[in-house]
Novice: 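To start, I am sharing the structure in question, which I have written as structure tokens.
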Protein chains: 2
Amino acid sequence: MLQSGQQLDLVFAALADPTRRAILARLAAGEATVNELVEPFDLSQPTISKHLKVLEGAGLVSRGREAQFRPVRLNAAPLETAAHWIGDYRRFWEESFDRLDAYASELHRKEKNHGRKRKRSSK
Amino acid sequence: MLQSGQQLDLVFAALADPTRRAILARLAAGEATVNELVEPFDLSQPTISKHLKVLEGAGLVSRGREAQFRPVRLNAAPLETAAHWIGDYRRFWEESFDRLDAYASELHRKEKNHGRKRKRSSK
DNA sequence: GCATAATATTGCTATTTGGCAATATAGCCA
DNA sequence: TGGCTATATTGCCAAATAGCAATATTATGC
């Protein structure tokens, strides 16, 4: 089992590529074969296979076996982990809490005083 | 202005590094100077500065100017974009819709029949 | 068994990334 | 002015990444 930090590394890294996000979007419409995933892109089949390996490594897709096909299906569970991580920051874009926080901490830092006196007149 | 796709590239790539996520976590407690951000890590100051540049490039932090300090503060707006993107997949981990979808599309694919007949007896 | 179709693997590139030490820049204060 | 502090920049390296063409693998169906 992967530690959650490394899990997030892999998931966010996988999501950082537009081709891979497009693949996930396609899979949201249902499972697909590799060739079906190749079609919409101007990329070679091996390249798509490599992307699929990255997605699989992040746990975002899983593969089936059906004749000579290896159908790819979306596995959204890791997205929940990612959503949860991001969700911890929700208040920072929903409220204007950040301003208050930033100000409070700025004061705090000034008081701790990193080897210098007080600031006198900003700017 | 950046296109939303490239924006997502940068944001997810920024979030893919544990050091950068830790920096954001620290900034959630309020703004900080570069040196304050260096302290908790066993990394050099230039390395942290480079991470900050990545975060800044993704729009996740912004810099101030105060004497010789360049205070770093969290800017959560891009996280909202990321959260929204991930949110489109919420039903896939909340409901068991995916199973239905996958099955439906599998049937569809079999009917379209990519150059072969029907499956006979799996495995 | 053989031809074909689907997918994976194997080199091979060019680019990007994360790290460092060393050095440069910039602002404060005495 | 000169020295100190905070931060940025530069130059370097090793590892990872995204892409390709070519080839190998695997299963089907005649």
Side-chain angles (χ1 to χ4, degrees), chain A residues 6 9-10 12-23 31-39 41-58 61-73 106 109-110 112-123, chain B residues 6 9-10 12-23 31-39 41-58 61-73 106 109-110 112-123:
Chain A
Q6 308 174 50
D9 290 2
L10 295 175
F12 283 132
L15 297 182
D17 185 282
T19 300
R20 288 192 291 261
R21 289 198 306 275
I23 288 175
E31 74 173 27
T33 68
V34 174
N35 276 339
E36 282 169 346
L37 294 174
V38 170
E39 269 185 71
F41 301 101
D42 200 22
L43 295 172
S44 69
Q45 171 262 313
T47 295
I48 297 297
S49 282
K50 200 189 260 187
H51 280 305
L52 290 175
K53 224 170 178 176
V54 174
L55 289 168
E56 199 176 359
V61 307
S62 57
R63 315 292 306 265
R65 237 175 233 286
E66 182 196 328
Q68 65 272 65
F69 301 89
R70 308 288 316 278
V72 187
R73 49 189 177 304
E106 186 188 13
R109 188 166 50 71
K110 282 178 188 162
K112 271 202 339 194
N113 217 326
H114 299 250
R116 71 202 200 284
K117 297 292 155 49
R118 260 173 303 117
K119 198 183 80 178
R120 287 179 311 175
S121 68
S122 54
K123 183 177 306 177
Chain B
Q6 308 175 51
D9 290 3
L10 295 175
F12 282 132
L15 297 183
D17 185 281
T19 300
R20 288 192 291 261
R21 290 198 305 275
I23 288 175
E31 75 174 26
T33 67
V34 175
N35 276 339
E36 283 169 344
L37 293 174
V38 169
E39 269 184 71
F41 301 101
D42 200 21
L43 295 172
S44 69
Q45 172 261 313
T47 295
I48 296 297
S49 282
K50 201 188 260 188
H51 279 306
L52 290 175
K53 223 170 178 179
V54 173
L55 289 168
E56 198 176 359
V61 307
S62 59
R63 315 292 307 264
R65 239 176 232 284
E66 182 196 329
Q68 65 271 66
F69 301 88
R70 308 289 316 278
V72 187
R73 50 191 178 304
E106 186 188 13
R109 189 166 47 74
K110 282 179 187 162
K112 274 203 333 194
N113 217 326
H114 298 249
R116 71 202 201 284
K117 298 291 155 49
R118 260 174 302 117
K119 195 183 80 176
R120 286 182 310 176
S121 68
S122 54
K123 177 175 308 183

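Here is the naming used below: chain letters follow the sequence lines, and residue numbers restart at 1 for every chain.
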Novice: Rounding to an integer number of Å, can you tell me how far A/Glu56 CD sits from C/dT7 P?
Specialist: 13 Å
Novice: Starting at the 5' end of DNA chain D and moving along, which residue's nearest nucleotide shows up first, B/Pro46 or A/Val54?
Specialist: B/Pro46
Novice: If you look at every heavy atom in A/Arg20 and A/His51, which pair is closest and at what distance?
Specialist: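 The answer is NH1-ND1, 3.1 Å.
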Novice: Please test A/Ile48 against A/Asn35 for side-chain contact (heavy atoms from CB on, under 4.5 Å), starting from the C-alpha separation and ending with a verdict.
Specialist: CA-CA 9 Å; A/Ile48 297 297; A/Asn35 276 339; over 6 Å; no
Novice: Measure from CG on A/Leu55 to P on D/dA18 and round the result to the nearest Å.
Specialist: 10 Å
Novice: Grab the CD-C1' distance between A/Gln45 and C/dT10 for me, whole Å please.
Specialist: 13 Å
Novice: Do B/Thr47 and B/Val38 have side chains that approach each other closer than 4.5 Å (heavy atoms only, starting at C-beta)?
Specialist: no
Novice: Taking all heavy atoms of B/Arg70 and all of B/Val34, pick out the closest pair and write down the distance.
Specialist: O-CG2, 4.4 Å
Novice: For A/Glu31 and C/dA6, what is the distance between atoms CD and C1' respectively, to the nearest whole Å?
Specialist: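 These atoms are roughly 15 Å apart.
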Novice: Atom CD of A/Glu66 and atom P of C/dA5: how far apart are they, to the nearest Å?
Specialist: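 Between P of C/dA5 and CD of A/Glu66: 18 Å.
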Novice: Mapping B/Lys50 and B/Val34 to their closest nucleotides on DNA chain D, which lands nearer the 5' end?
Specialist: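 So the residue in question is B/Val34.
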Novice: Can you find a side chain N or O atom of B/Arg70 that sits less than 4.0 Å from OP1 or OP2 on C/dG27?
Specialist: no
Novice: C/dA8 phosphate, OP1 or OP2: any side-chain N/O from A/Ser49 under 4.0 angstrom?
Specialist: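 It does, given that an N or O in the side chain of A/Ser49 lies less than 4.0 Å from OP1 or OP2 of C/dA8.
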Novice: Does a nitrogen or oxygen in the side chain of A/Asn35 sit under 4.0 Å from OP1 or OP2 of C/dA5?
Specialist: no
Novice: Once you round it to whole Å, what is the distance between C1' of C/dA5 and CD of A/Gln68?
Specialist: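 Spelled out: CD on A/Gln68 to C1' on C/dA5 is 6 Å.
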Novice: Does OP1 or OP2 of C/dG18 have a side-chain N or O of B/Arg20 closer than 4.0 Å?
Specialist: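 So the side chain of B/Arg20 is within the cut-off, an N or O lying under 4.0 Å from OP1 or OP2 of C/dG18.
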Novice: If I take atom CG in residue B/Asp42 and atom P in nucleotide C/dC20, what distance separates them, rounded to the nearest angstrom?
Specialist: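 That distance rounds to 8 Å.
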Novice: Roughly, in whole Å, what's the span from CG in B/Asp17 to C1' in C/dG19?
Specialist: 11 Å
Novice: Classify B/Arg65 by what it touches in the nucleic acid, base, sugar-phosphate, or nothing, heavy-atom distance under 4.0 Å.
Specialist: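 It contacts nothing in the nucleic acid.
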Novice: Counting just side-chain N and O atoms, does B/His51 come under 4.0 Å of either OP1 or OP2 of C/dG19?
Specialist: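 Yes, because at least one side-chain N or O of B/His51 sits under 4.0 Å from OP1 or OP2 of C/dG19.
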Novice: If only atom types and distance count, is the side chain of A/Arg21 paired as donor or acceptor with the main-chain N or O of A/Leu15 below 3.5 Å?
Specialist: yes
Novice: Could you work out which one of D/dG19, C/dT7, D/dA6 sits closest to the side chain of B/Phe69?
Specialist: D/dA6
Novice: Please pick, from D/dG19, C/dG27, D/dC20, the nucleotide with the shortest atom-to-atom distance to any side-chain atom of A/Ser44.
Specialist: D/dC20
